[in-house]
Amino acid sequence: MNQPEKQVKWRSLIAEQKESGQSVAAFCRTRSLREGLFYYWKKQLQEVARPQFVEVQLAKPDLSQRHSRAVLGSTIEVRLRNGRSLMVAPEFDSSHLRALLAVVESES
């Protein structure tokens with residue numbers, strides 16, 4: 001079974017469990033599924049479903065706080081949902097930023 005087929009199978013099982021009203025443990029037990037695998041796929045599918053774009057808001061620069069290595073206006077601050085922020089140079093490599101965001105957001 002290839003990856004898309006697995007995703008379809010597990011989406012169906014997860015929806016079925018939710019509609020059944022059974023606990024995950026009971027649902028898995030009655031279908032001879034490993035509970036850990038159920039949770040693994042539930043998390044995987046939630047991550048796939050996350051939007052690839054997030055809202056961007058422009059904010060006026062805070063002139064009272066100057067970062068030691070950054071010249072005002074030469075960096076971009078990316079604020080994450082978990083309250084952390086990243087400062088990147090305007091010429092940042094977007095693929096590196098995506099990889100960094102994936103790591104930082106997975107730790108929250």
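These numbers come from a predicted model, not from an experiment.
Counting heavy atoms from C-beta on, the side chains of Arg11 and Trp41 never come closer than 4.5 Å.
Residue pairs that meet the side chain to side chain donor-acceptor pair (under 3.5 Å) test with at least one member in residues 22-39, sequence neighbours left out, are Glu16-Arg31.
Expressed to the nearest 0.5 Å, how far CD of Gln44 lies from CG of Leu37 amounts to 10.5 Å.
The aromatic rings of Trp10 and Phe38 sit perpendicular, their planes meeting at an angle over 60°, well past the 30° parallel limit.
Under the 4.5 Å side-chain heavy-atom criterion for ILVMFWY residues, a single connected hydrophobic cluster contains both Phe27 and Leu45.
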